[in-house]
Amino acid sequence: MSTRAAVRKHTPRDDYGESLARAAILVVDDEPGMRNFLTKTLGPRCRHVELARSCAEAGEILDQVHFDLVILDNVMPDKTGLDWLEEQRRVGLFAETILMTAYADLDTAIKALRAGVTDFVLKPFRANQILNAVARALDRKYLARDNYLLRHELSGGGGTARGRLLGNSPAIREVRDLLARLGPMPTPVLFTGASGTGKEIAARTLHALSDRADKPFVAVNCAAFSEGHIAEELFGVIEDGTRHKDGLLFHAEGGTLLLDEVAQLPMAVQAALLRVLEDRRIRPIGSEREVPLDLRFLFATNADLTVEVAAGRFRDDLYHRINIVNVGMPSLRERKEDIAELAALFMSEFATALGMPALELNDQVLLKLTRYDWPGNVRELRNLIERSVILGEFPAEFEGQGRVTGAQAIETLEMVEQRHILAVLDACGGNRAEAARRLGVARKTVDRKCAAWGV
């Protein structure tokens with residue numbers, strides 16, 4: 001009869017940190033007494049503890065379940081723990097490992113280091129010793145993951161978009177309402193829209209609204225990696241049978257992964273990604289074992305994927321798999337009501353970050369910003385404000401000596417109305433009758449307003 005067992009946390013304890021409380025741990029030991037001791041010690045404090053009485057049984061369990069940590073006895077009947085660990089590293093074992101041994105000789109220590117053992121615990125040991133060793137190993141694991149993700153983001157491999165999804169225009173309110181509905185769901189979401197419309201910020205907003213908000217958000221720009229390198233970055237790789245590099249999907253475990261510029265994925269990677277989406281398991285390059293994956297996928301593109309599918313550059317089955325819910329991000333010219341608020345936010349951010357004085361956003365400057373077409377969308381507006389703060393002045397086409405400044409220029413009804421009416425008039429090519437129709441007012445109202453504004 002198998003002694004395999006799973007023990008779930010029933011008494012919350014955080015004495016040893018959050019890392020221990022959320023951990024899944026596999027204990028491999030042939031001695032019932034040690035398995036029982038570790039169950040009583042770890043079970044109340046960890047998310048999940050599973051037991052194996054032999055190396056063979058442990059291998060079968062690892063084929064089905066992923067663990068954050070393996071606690072391994074070195075002396076067992078079928079083989080030594082270190083021999084088994086070396087085999088598992090070649091097959092595909094990505095968990096941290098603590099070795100339990102009564103014999104801490106130099107040869108064992110050297111072999112353990114080569115096999116990738118995280119820590120030793122000498123038998124006999126007390127409960128607090130194993131708990132401290134487990135907490136240290138898990139803290140190192142998550143610190144290494146956080147450092148890797150930070151380097152990824154700073155290197156430009158990940159997105160750098162930050163901030164809130166600002167604005168009160170009907171177009172952006174519709175997006176915000178849709179994200180609120182999608183937040184609690186595990187459904188993949190495809191963000192579409194022109195470059196610079198804020199697709200990554202919308203994706204981060206969705207992540208913050210989900211039950212994964214305290215887990216990693218990893219943004220991957222698929223166009224930033226070479227065709228031969230992106231598979232390793234996403235799925236990970238085992239090199240020389242022992243050394244392994246965890247992929248970004250693995251580092252994002254439990255959280256959210258955004259694949260930006262998804263249309264740029266090579267066809268071979270598209271096929272691998274489709275299998276991941278369908279099976280919820282990943283197989284790192286060079287690994288014989290698939291790893292279960294708990295991850296929410298988001299996708300973004302400024303390309304028309306139907307055109308890419310028709311041209312044979314994007315898989316039809318993958319397109320239908322990721323296009324369950326499409327969130328279309330409006331261009332800035334479709335939400336001109338938001339330009340003043342965005343400009344004020346960017347001005348404040350850059351003045352603070354650069355240690356330079358903010359420029360005056362008066363009614364004339366805001367009007368010119370609103371009437372501009374912004375082909376580069378929000379990103380172009382952001383870049384304009386940053387450049388203007390650095391140079392200490394707006395470009396000539398946006399300069400203005402207005403009579404109203406500050407919050408009054410941004411928020412008062414008169415200023416908002418002026419910018420909105422003139423933006424609609426611009427969109428109609430100066431046709432006041434059409435502008436009045438779109439605004440739902442009389443033509444005389446538009447004429448009167450324009451005369452008052454000297455337009």
Side-chain angles (χ1 to χ4, degrees), residues 146-147 149-169 172-173 175-176 179 193 195-209 213-214 216-219 221 224 258 260 300 329-333 335-372 374-412 415-416 419:
D146 293 344
N147 286 340
L149 293 178
L150 181 59
R151 289 196 303 272
H152 162 72
E153 193 157 295
L154 292 176
S155 71
T160 56
R162 288 292 185 273
R164 296 167 291 148
L165 198 61
L166 292 177
N168 290 294
S169 62
I172 209 65
R173 284 204 305 268
V175 170
R176 198 181 289 116
L179 296 180
S195 178
T197 52
K199 295 186 289 294
E200 185 178 333
I201 289 179
R204 289 182 182 274
T205 301
L206 180 59
H207 173 71
L209 293 169
D214 60 337
F217 176 92
V218 180
N221 184 347
L258 169 66
D260 198 3
M329 296 301 296
S331 64
L332 190 54
R333 62 179 171 271
R335 45 179 296 212
K336 288 196 171 185
E337 304 96 312
D338 300 330
I339 289 176
E341 183 180 359
L342 289 168
L345 171 69
F346 296 150
M347 184 65 70
S348 175
E349 285 183 348
F350 286 120
T352 301
L354 300 172
M356 303 184 74
L359 303 183
E360 184 180 85
L361 288 170
N362 59 55
D363 58 321
Q364 289 299 309
V365 171
L366 290 173
L367 180 58
K368 290 180 178 181
L369 292 175
T370 303
R371 300 185 74 176
Y372 179 62
W374 299 109
N377 295 294
V378 178
R379 184 179 294 126
E380 184 182 2
L381 173 62
R382 189 176 189 274
N383 292 345
L384 170 73
I385 299 297
E386 180 178 12
R387 184 166 60 251
S388 299
V389 170
I390 292 172
L391 297 177
E393 60 181 1
F394 290 107
E397 61 269 31
F398 294 109
E399 286 182 340
Q401 300 298 321
R403 56 186 176 82
V404 184
T405 63
Q408 189 177 5
I410 297 170
E411 299 171 1
T412 58
M415 297 295 101
V416 172
R419 290 193 293 268

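For clarity, every value in this text was computed on a predicted model and none was experimentally measured.
Distance check: E341 CD to L366 CG gives 12.0 Å after rounding to the nearest 0.5 Å. Rounding to the nearest 0.5 Å places CG of L166 at 5.5 Å from CG of L342. Rounding to the nearest 0.5 Å gives a distance of 8.5 Å between CD of E380 and CG of L332.
For F350, there are no ring pair (Phe, Tyr, Trp, His ring centres under 6.0 Å) partners at least two apart in sequence or on another chain. Partners of D146 by side chain to side chain contact (heavy atoms under 4.5 Å, CB included), not counting sequence neighbours: none found. Every side chain to side chain contact (heavy atoms under 4.5 Å, CB included) that A358 has, sequence neighbours left out, goes to M347, A351. The side chain to side chain donor-acceptor pair (under 3.5 Å) search around D338 returns S169, R335, not counting sequence neighbours.
A donor-acceptor pair under 3.5 Å is formed between the side chain of K336 and the backbone N or O of Y372. In this structure, W374 contributes its side chain and S331 its backbone to no donor-acceptor pair below 3.5 Å.
For the pair L369 and L361, the tightest heavy-atom approach, listed with the atom from each and the gap, is CD1-CD2, 4.3 Å. Listed here is the closest heavy atom pair of R176 and G167: NH2-O, 2.7 Å.
There is a side-chain donor-acceptor pair under 3.5 Å between E360 and N362.
The side-chain heavy atoms of T205 and V175, taken from C-beta on, include no pair separated by under 4.5 Å. Residues V378 and F346 meet the side-chain proximity criterion, which asks for heavy atoms closer than 4.5 Å. Counting only heavy atoms from C-beta outward, the side chains of M329 and L165 approach each other to under 4.5 Å. The side-chain heavy atoms of S195 and N377, taken from C-beta on, include no pair separated by under 4.5 Å.
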Side-chain donor-acceptor contacts of residues 382-400 below 3.5 Å, not counting sequence neighbours, with atom names and distances?
| from | atom 1 | to | atom 2 | distance (Å) |
| --- | --- | --- | --- | --- |
| N383 | ND2 | R379 | O | 3.4 |
| S388 | OG | L384 | O | 2.8 |

